[in-house]
**Student:** 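Let me give you the structure first, and then I'll get to my questions.
All figures in this text were calculated on a predicted structure; none of them were measured in a lab. In what follows, chains are A, B, ... by sequence order, proteins preceding strands, each numbered from 1.
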Number of protein chains: 2
Amino acid sequence: MARTAGVSMSTVSHVINGTRVVEPTTLQRVNDAIKTTGYRHNRLARALARGAGTQSVGVALSAQSNPYLADLVMPIEASLTDHGSLMLLGETHEDAAKEYRLVNALLDRRVDGIILAPTPGAGEQTLPMLAKSGLPVVLLDRLVDAANFDQVGSDNTEPMAGIVDHLAGHGHTRIALIAGIPGLSTSGERREGYLRGLERNGITPIPGLVAEGGSSAGEAGRAMEQLWRRHPRPTAIIPANNYMTVGVLKWLRQARISVPDDVALAGFDDFEWSDLIDPPLTAVAQNWITIGQRAIEMLTDRMAAPDRPPRTERIVASLMVRQSCGCGSDDVPARGI
Amino acid sequence: MARTAGVSMSTVSHVINGTRVVEPTTLQRVNDAIKTTGYRHNRLARALARGAGTQSVGVALSAQSNPYLADLVMPIEASLTDHGSLMLLGETHEDAAKEYRLVNALLDRRVDGIILAPTPGAGEQTLPMLAKSGLPVVLLDRLVDAANFDQVGSDNTEPMAGIVDHLAGHGHTRIALIAGIPGLSTSGERREGYLRGLERNGITPIPGLVAEGGSSAGEAGRAMEQLWRRHPRPTAIIPANNYMTVGVLKWLRQARISVPDDVALAGFDDFEWSDLIDPPLTAVAQNWITIGQRAIEMLTDRMAAPDRPPRTERIVASLMVRQSCGCGSDDVPARGI
DNA sequence: CTGAAAGCGCTAACAG
DNA sequence: CTGTTAGCGCTTTCAG
């Protein structure tokens with residue numbers, strides 16, 4: 001290819017990278033040769049020669065626990081594309097071993113950075129490995145304690161307390177929680193928010209009103225069934241996430257229990273169809289777009305300044321009040337929490 | 001690293017790849033050295049040296065037109081991981097130029113194959129480039145005519161005709177279609193299915209009952225509004241996809257028009273919440289999981305046999321009958337079409 | 001059973 | 001303004 005242009009490969013390299021001045025006619029010849037030979041630049045070889053990155057970042061998360069992950073992943077992809085990078089997307093399946101393998105694969109492929117929604121067991125192997133790899137990393141969604149990492153996720157506690165506030169405002173005192181996957185920081189924080197909400201509304205927590213929803217809609221439905229057998233019954237239900245909401249709603253419907261007449265419902269995770277559901281769902285909307293954008297901003301920040309102390313950012317989530325909680329109004333964000 | 005083990009890099013390479021017999025003690029020393037030095041294999045260098053692939057495939061599609069893309073993308077990711085590969089995911093934004101840039105970026109990174117949901121303009125640059133790249137490619141979802149490519153997507157025509165059949169069975173004759181983005185093969189096929197359905201039910205098509213839904217829920221709502229002003233009105237509506245359905249439903253709701261009492265509704269794209277919507281949605285469910293799996297199977301097939309003639313596969317989609325069409329029953333797949 | 005050496009496709013001094 | 005040359009980190013004959 002360099003020879004069909006009658007120049008050295010060095011010159012070719014320079015015209016491709018625009019990295020030094022080339023006489024117009026030479027430039028022309030090179031460009032022509034590129035067309036005719038169908039030459040295609042090999043970025044791998046470049047990365048190797050430059051000892052530089054591959055213009056790609058790894059994203060590892062669990063779609064399983066994040067059904068509308070397009071909201072989260074696509075902003076990340078978009079920001080990356082703007083910077084000329086590509087996204088290597090992998091699924092952890094909420095399993096520490098798979099996560100470890102995945103992150104290894106990412107590291108071996110010399111990604112420039114990693115964005116990870118850690119599994120419950122990430123602290124064992126994955127996080128330590130990541131730490132000593134020295135690669136820019138930002139943790140997503142599920143935040144972690146021993147934080148020598150940059151992190152960004154929703155504030156979970158206060159919005160959950162806000163749900164309790166709202167339900168208590170409707171006069172409910174027997175408020176049940178259907179918790180998410182145990183071990184996830186998000187689950188813990190939401191549980192904590194639930195307790196905080198009860199406390200500040202002067203409601204004594206009843207252990208029997210906290211159910212483990214497991215990790216699927218089916219399990220959540222069964223948990224709901226248990227709850228409904230309690231005596232006295234809960235008058236309001238808080239599903240801790242999307243899947244729990246689906247499960248609860250389906251069980252309620254087949255049991256012909258009416259929402260919000262027989263039981264009120266307000267939980268985590270809003271989505272486009274929320275107000276078309278029967279009844280329109282009151283739910284906390286997480287700001288996925290912002291979370292995704294901040295993630296890659298924090299990543300590029302860290303690339304620029306590798307040893308600035310790590311930061312943790314909480315992104316505001318807001319309660320979308322509709323009818324499942326017992327309200328009559330339409331789409332009104334209650335308050336930024 | 002090779003020196004801390006006291007062996008040649010050649011040997012190191014061989015123990016890593018298990019590519020020749022090594023004396024146990026040497027092997028031990030190498031493995032130890034790997035641990036202590038924190039050595040990490042560079043797959044880029046390997047790919048370069050081997051002149052082989054990078055164990056990664058590129059996936060290019062538009063999430064925008066595919067809101068529940070997790071269903072499609074995650075099966076692909078899963079199959080890939082099983083084969084030790086990783087997925088480079090990029091978004092075309094339904095824009096031929098962006099798509100072209102993206103596919104170029106993928107090619108430059110020496111992916112082993114590409115899975116593409118082509119934009120309407122893909123035939124201009126992207127497809128030709130892909131063709132002469134000689135890389136294994138499978139086209140997804142939107143199928144293309146000049147097919148020297150492997151392709152896999154839903155059958156769109158017959159299921160759409162099936163919707164018309166069903167609606168006609170309820171006695172409807174003024175059946176409106178809110179079409180999807182023009183230029184996409186899926187939109188065209190669905191339109192065709194609509195016509196076929198009318199014809200075989202002895203209904204004369206009325207041009208005024210076919211509206212362009214544009215590409216967003218908002219536009220679809222406005223299209224619905226136009227339709228509602230017609231005289232006489234349509235008695236049944238077919239939104240050609242997810243977004244159209246959201247838009248139509250939202251407009252109908254704010255206009256206090258009842259489904260299915262005032263107007264029946266049945267369209268394309270089912271999802272997990274369909275039976276929790278008010279009213280439960282009758283919709284055609286595409287089999288995304290199968291489509292995703294077949295895509296990577298076809299890709300690996302092609303890698304094995306580069307010049308087998310290309311195949312096009314249509315995956316069955318089935319009508320999930322619920323209440324928005326006027327039926328009373330629960331989740332019953334009507335028939336595989 | 002193991003090492004030396006050439007080379008994958010590119011970049012980056014360093015001359016000219 | 002352009003070419004020569006020495007690698008980048010690995011794999012792979014080819015000799016020992």
Side-chain angles (χ1 to χ4, degrees), chain A residues 1-56 84 86 104-112 133-135, chain B residues 1-56 84 86 104-112 133-135:
Chain A
M1 139 74 204
R3 47 190 337 169
T4 85
V7 299
S8 72
M9 43 180 293
S10 170
T11 300
V12 174
S13 172
H14 281 118
V15 336
I16 287 178
N17 296 294
T19 172
R20 83 179 174 194
V21 235
V22 177
E23 198 174 285
T25 96
T26 325
L27 197 152
Q28 195 50 249
R29 262 185 305 144
V30 173
N31 281 327
D32 290 352
I34 289 183
K35 289 282 160 217
T36 65
T37 56
Y39 168 80
R40 182 169 286 285
H41 188 188
N42 187 332
R43 298 183 75 117
L44 274 58
R46 165 195 285 187
L48 192 56
R50 289 224 256 238
T54 52
Q55 304 265 77
S56 57
L86 248 35
N104 260 305
L106 256 15
L107 255 19
D108 288 348
R109 276 172 181 79
R110 294 298 187 271
V111 293
D112 300 328
S133 81
L135 205 70
Chain B
M1 138 73 204
R3 47 192 334 172
T4 85
V7 298
S8 71
M9 43 181 292
S10 170
T11 301
V12 174
S13 173
H14 281 117
V15 335
I16 286 178
N17 296 293
T19 172
R20 82 180 175 193
V21 236
V22 177
E23 200 172 283
T25 97
T26 325
L27 197 153
Q28 194 51 248
R29 262 185 304 144
V30 173
N31 281 327
D32 290 353
I34 289 181
K35 289 283 161 215
T36 64
T37 55
Y39 169 81
R40 183 170 285 284
H41 189 115
N42 186 332
R43 298 183 75 116
L44 273 58
R46 164 193 287 185
L48 191 56
R50 288 225 257 240
T54 52
Q55 304 265 79
S56 55
L86 249 34
N104 259 306
L106 256 15
L107 255 20
D108 288 349
R109 278 172 179 80
R110 295 298 187 271
V111 292
D112 301 327
S133 81
L135 205 69

**Student:** Would you say D:dT2 has OP1 or OP2 under 4.0 Å from some side-chain N or O of A:T11?
**Tutor:**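 Looking at the OP1 and OP2 atoms of D:dT2, neither is under 4.0 Å from any side-chain N or O of A:T11.
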
**Student:** Output the distance between atom CZ (B:R29) and atom OG1 (B:T11), rounded to the nearest 0.5 Å.
**Tutor:**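 Reported value, rounded in 0.5 Å steps: 9.0 Å.
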
**Student:** At their closest point, which heavy atom of A:D112 faces which heavy atom of A:G53, and how far apart are they?
**Tutor:**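 The pair with the smallest heavy-atom distance is OD1-CA, 2.8 Å.
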
**Student:** Of all the heavy-atom pairs spanning A:T54 and A:R109, show the shortest one and how long it is.
**Tutor:**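 Residues A:T54 and A:R109, closest heavy atoms: CG2-O, 3.8 Å.
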
**Student:** Write down the atom of A:T19, the atom of A:S13, and the distance for their closest heavy-atom approach.
**Tutor:**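 That would be CG2-O, 4.3 Å.
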
**Student:** Could you give all pairs that pass the salt bridge (charged side-chain N to carboxylate O under 4.0 Å, His left out) test and reach residues 34-44 of chain B, with sequence neighbours left out?
**Tutor:**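 Of all non-adjacent pairs touching residues 34-44 of chain B, those that pass salt bridge (charged side-chain N to carboxylate O under 4.0 Å, His left out) are A:D108-B:R40.
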
**Student:** When you check every protein heavy atom under 4.0 Å of nucleotides 6-16 of chain C, what one-letter string (B, S, -) results, 5' to 3'?
**Tutor:** -BBBBBB-B--

**Student:** Could you tell me, to 10°, how much the axis swings from one end of the helix from C:dC1-D:dG16 to C:dG16-D:dC1 to the other, five pairs per end?
**Tutor:**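 So the angle between the two local helix axes works out to 40°.
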
**Student:** Should the ring pair B:H41 and B:Y39 be called parallel, tilted or perpendicular, given that the plane angle runs from 0 to 90° and is split at 30 and 60?
**Tutor:**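 If you compare the ring of B:H41 with that of B:Y39, the planes turn out perpendicular.
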
**Student:** Mind listing the closest non-hydrogen atom pair of B:T4 and B:A33 along with its distance?
**Tutor:**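 Smallest heavy-atom distance, with atoms named: OG1-CB, 3.5 Å.
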
**Student:** Evaluate B:V15 against B:T26 for side chain to side chain contact (heavy atoms under 4.5 Å, CB included), listing each step before the verdict.
**Tutor:** CA-CA 9 Å; B:V15 335; B:T26 325; over 6 Å; no

**Student:** Does D:dT2 have OP1 or OP2 sitting under 4.0 Å from an N or O in the side chain of A:T26?
**Tutor:**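 Indeed, a polar side-chain atom of A:T26 lies that close.
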
